Colleague: 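Encoded as structure tokens, here's the structure I'll be asking about.
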Number of protein chains: 2
Amino acid sequence: MVASERSVSAVGNAQAREIWELLLELSRTHLRERLAATISAFDLSVPQAHALQLLEPGRPLPMRDLAARLRCDASNITGIVDRLEARGLVERQPAPGDRRVKALVVTDKGVALRTSLVERLHRVPPAFAGLSAEEQRTLLDLLRRIAVACEQDPQGPASML
Amino acid sequence: MVASERSVSAVGNAQAREIWELLLELSRTHLRERLAATISAFDLSVPQAHALQLLEPGRPLPMRDLAARLRCDASNITGIVDRLEARGLVERQPAPGDRRVKALVVTDKGVALRTSLVERLHRVPPAFAGLSAEEQRTLLDLLRRIAVACEQDPQGPASML
DNA sequence: TATTGTTATACTCTATAACTATA
DNA sequence: TATAGTTATAGAGTATAACAATA
């Protein structure tokens, strides 16, 4: 290892830590509060909103699969879907081929609410207006690389204590 | 407005949207799961861990203030603190000057756990290793500017439906 | 009167375990 | 036997409303 690499590594770690802490803080405050405010404006809970987003129109989803995507035990899905169904947003339908599974589909009403919700959630906060197109391009590129790296390193070998 | 500004605005919006959606996804998946895994490894709930982080050693904090920082109703703090106190991590102490308020302080055991927890939470994920020092510097600069903009625009006037 | 912390209540999410109906 | 969904249960977070002690 040459001197330049050592210095890069040392400086890089301090900066990487600042980046990471900034992302943590950004996620816990602004991002989280923005999501919570938007979701509650639709009278939904966070898991309900997440479920609704995962139910793409015209693509029935077995309850088991929804549990996997929400990363919670299958027993929770019953209640979450009960409440969505009580509001007429989704329906349980028999799945072809296996009479055990129930496929979830969004109703017309559900599609309407879902579209509105997703549009609102994805609306870009004004805080991004301060960046030039060039800077946005750079930021997007860097974030994409981090996202790709996260995919390849699911939880990280150093994840445990 | 000249043509170049219009084009910047158009392209910039599409890119800004991608950045925003990438941050949302990153926050909801990798970041959130990483936090959850770390916190549960300490046998804490998310609010408990957050409370512990907010209780700096040697700086007593009234329960009311903790509620404000956790952004939840004051009535919830009783239970959260009960559980932390039952584990000997924090203590309720009388506050000087006002006999109504109870000041929270971390015990020695709490400080030890808190230090370990914060160290673990702030440990940089390996996914950041792929960026050069120069790229990290750029990313940090851009994220800082967004963070500052978020501070100045608490929830955004377009926050409501 | 207003404020701090608590309690009572009700709801949702969470996991575990046991159950049913299928496969 | 194994799997999909449900139910029962217990614990934690959340908000609202009412309360005691204090300001």
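Computed over heavy atoms, backbone and side chain alike; hydrogens, waters and symmetry mates excluded. Below, chains carry the letters A, B, ... as their sequence lines are ordered, and counting in each starts from 1. Since the model is a prediction, treat every value here as computed from it, not as a measurement.
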Colleague: Charged N to carboxylate O under 4.0 angstrom, B/E56 versus B/R114?
Modeller: no
Colleague: If I compare all heavy atoms of A/K109 with all of A/R87, which pair ends up nearest, and what's the gap?
Modeller: NZ-O, 2.9 Å
Colleague: Please determine whether a side-chain nitrogen of the Lys or Arg among B/D82 and B/R92 lies less than 4.0 Å from a carboxylate oxygen of the Asp or Glu.
Modeller: yes
Colleague: Give a yes or no answer on whether the side chain of B/T38 reaches the backbone of B/L121 with a donor-acceptor pair at less than 3.5 Å.
Modeller: no
Colleague: To the nearest Å, how far apart are A/Q48 CD and D/dT14 P?
Modeller: 16 Å
Colleague: Could you state the CD1-C1' distance from B/I77 to C/dT3, rounded to the nearest angstrom?
Modeller: 16 Å
Colleague: Please work out which residues in residues 78-93 of chain A have a non-hydrogen atom less than 4.0 Å from an atom of DNA chain D and list them by number.
Modeller: A/T78, A/R92
Colleague: Answer yes if A/L55 and A/V101 sit in the same cluster of Ile, Leu, Val, Met, Phe, Trp and Tyr residues linked by side chain heavy atoms under 4.5 Å apart, and no otherwise.
Modeller: no
Colleague: Measure the distance from NE2 on B/H50 to C1' on D/dA12 and round it to the nearest whole Å.
Modeller: 17 Å
Colleague: Do you reckon A/V118 sits in the same ILVMFWY cluster as A/L84, going by side-chain contacts under 4.5 Å, direct or chained?
Modeller: no
Colleague: Give me the residues of residues 56-64 of chain B where at least one heavy atom lies under 4.0 Å from an atom of DNA chain C, by number, or none.
Modeller: B/M63, B/R64
Colleague: What string of B, S and - do you get for nucleotides 16-23 of chain C, 5' to 3', when a contact is any protein heavy atom under 4.0 Å?
Modeller: BB---BBS
Colleague: Tell me: CZ of A/R32 to C1' of D/dG13, nearest whole Å?
Modeller: 11 Å
Colleague: For the pair made of NZ in A/K102 and C1' in D/dT7, what is the distance, rounded to whole Å?
Modeller: 12 Å
Colleague: Mind calculating the distance between CG (A/L70) and C1' (C/dT14) to the nearest angstrom?
Modeller: 12 Å
Colleague: To the nearest Å, give me how far apart CG (A/L66) and P (D/dG5) are.
Modeller: 10 Å
Colleague: Are any of the side-chain nitrogens in B/E33 or B/R28 under 4.0 Å away from the carboxylate oxygens of its partner?
Modeller: no
